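Quick notes on the structure that follows.
If you're wondering where the values come from, they're calculated on a predicted model, not measured in any experiment. Lettering of chains follows the sequences in order, A, B, ..., and the numbering in each one begins at 1.
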Number of protein chains: 2
Amino acid sequence: MDAKTRDTLTGAPQMQRRVGRRRKDEASASLKDRILDAGENLFSRNGYHGVTVRAVAEAAGVDPALAHYYFRTKDGLFAAVFERRAAIVNQARMTSMDGYEAASGKRATAEGLIDAFLGPAIELWARGGPQWKAYFRLVALVNNTPQWGGATMGKYFDPVIQRLITGLRRLMPAARDADLYWSYHFLSGALTLTFAETGRLDKLSGGKARSGDYAAVRKRMARFFAAGFAAMLATA
Amino acid sequence: MDAKTRDTLTGAPQMQRRVGRRRKDEASASLKDRILDAGENLFSRNGYHGVTVRAVAEAAGVDPALAHYYFRTKDGLFAAVFERRAAIVNQARMTSMDGYEAASGKRATAEGLIDAFLGPAIELWARGGPQWKAYFRLVALVNNTPQWGGATMGKYFDPVIQRLITGLRRLMPAARDADLYWSYHFLSGALTLTFAETGRLDKLSGGKARSGDYAAVRKRMARFFAAGFAAMLATA
DNA sequence: GTCTATAACTGGATAGAC
DNA sequence: GTCTATCCAGTTATAGAC
């Protein structure tokens, strides 16, 4: 995680690399970052094939050729978008789980560890601003993409997931590995559907459950899935 | 559900409407159905924008103009594909839930009702052949599509879901509606990620959990999510 | 680094023959 | 109902000017 991505995370204005000619005085982000932001937004809404390089460039307020200059191909742009924030989430999740285990010691629970795993992502999703919302929408999209989706997710997120599984195995020594992985699979699907923001939960519930409700998600998920993990143990 | 779709379900060969000229003696399905099959396959793998009408026509072995003749537009084709099997799944789920409640009477449980709800879909997915696999992959894709995905899912599947929620409310009178809807939301995400066949679960678990394993899904899901629903009740 | 211009191609859709 | 031929808008990508 370099200084540039950290700035993007915190939303702090970023220094220009050179002194001269800022093109428009509006945004202080570099043009490269503006292209990444625009790509994040559009790809996360319409998918890879539903977005043209032209559309990304237009949304970023730059010329299409510039996108090719920075990222060579449309593939390269997409990969850059997906990669940009992955390390930040992973780092935050690791720190959170390590912190939980250190703080709780012998009193650690599966629910606590799951909450420590979920916390950073849900926090960034809910409070990181619209670009983080877009990023997690993109993760949701990739997570549900047949064929290459699984490989792409694995490439960036497997270590943290294995860290979670290892922690849970320690807390639930009787659990079979297959059950742990299946349970994580369920958790993953539920979490990314939340990130996808399809509007279905709100409509279906007549507004009684609102998918953007940070507190509601945070409060319910860890408990819900800890109970699910535990129920697996009871199965013959 | 008309005779044509039922034939598609059972896989029974379908009568030609007229006597004369069968183009190729290979498949007995009508060209229209062949186009739908090909669309189902391709859309479910690559999404709406990742598929061209030409590609669908080629996969179906027909001329591109024929797809336009039957479905007017690419949108029309996609909608026809999505709609085709929805009624069959809904019907099967309704029958299954009704049957469970009638058979179990006072001894009905949330886990039993959830299993009755899940059963038909998982059954068709696992044993209905490759076209049903493709169809559920498509449902997974739509379920996770921002903006219009939620509306499309709701249009076809809301009645059955409300039927499930109503049944669960009867079995768990103390449950708050928000909790029931959130719990269903989690279930929905987990189920459709399973249908998506991204290959991630298999890879992540090193083969210890296999996403295509019908028995594993069926056995675990109802128990897992019934425990989750129950845990919501215990929350303050 | 950034933009203009354009090459080379693919897409959805239709008119009209059979 | 099915296929041939085609229109034309929109696509990725690059060469080269500034």
### Task
Describe the nucleic acid contact of B:Val51 in one word from base, sugar-phosphate, nothing, applying a heavy-atom distance below 4.0 Å.
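Sugar-phosphate: the residue B:Val51, judged by heavy atoms under 4.0 Å, touches backbone atoms but no base.
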Closer than 4.0 angstrom, basic N to acidic O: yes or no for [X] and [Y]?
X        : Y        : result
A:Arg218 : A:Asp115 : yes
B:Lys208 : B:Asp202 : no
B:Arg137 : B:Glu40  : no

Within this structure, what is the [atom1]-to-[atom2] distance between [X] and [N], rounded to whole angstrom?
X       : N      : atom1 : atom2 : result
B:Phe71 : C:dT14 : CZ    : C1'   : 18 Å
A:His49 : C:dT10 : NE2   : P     : 15 Å
A:Leu31 : C:dG1  : CG    : P     : 10 Å
B:Asn46 : C:dG11 : CG    : P     : 12 Å
A:Asp75 : D:dT11 : CG    : P     : 17 Å
B:Leu66 : D:dT2  : CG    : C1'   : 6 Å
A:Tyr70 : D:dT14 : OH    : P     : 17 Å
A:Ile35 : D:dA13 : CD1   : P     : 14 Å

### Query
Taking for each residue the nucleotide of DNA chain D with the nearest heavy atom, is it A:Thr52 or A:Arg72 whose nucleotide lies nearer the 5' end?
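Its nearest nucleotide being more 5', the pick is A:Thr52.
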### Message
Both A:Pro64 and B:Arg54 contact DNA chain C. Taking the nearest nucleotide for each, which residue is further toward the 5' end?
### Response
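Final value for this comparison: A:Pro64.
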### Query
Are B:Phe186 and B:Phe225 close enough that their ring centres sit under 6.0 Å apart?
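Ring-ring flag for B:Phe186/B:Phe225: false, centres at least 6.0 Å apart.
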### Query
Can a side chain N or O of B:His68 be found less than 4.0 Å away from OP1 or OP2 on C:dA13?
yes
### Message
It should be established whether B:Tyr69 places a side-chain nitrogen or oxygen under 4.0 Å from OP1 or OP2 of nucleotide D:dT2.
### Response
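So the side chain of B:Tyr69 is outside the cut-off, no N or O lying under 4.0 Å from OP1 or OP2 of D:dT2.
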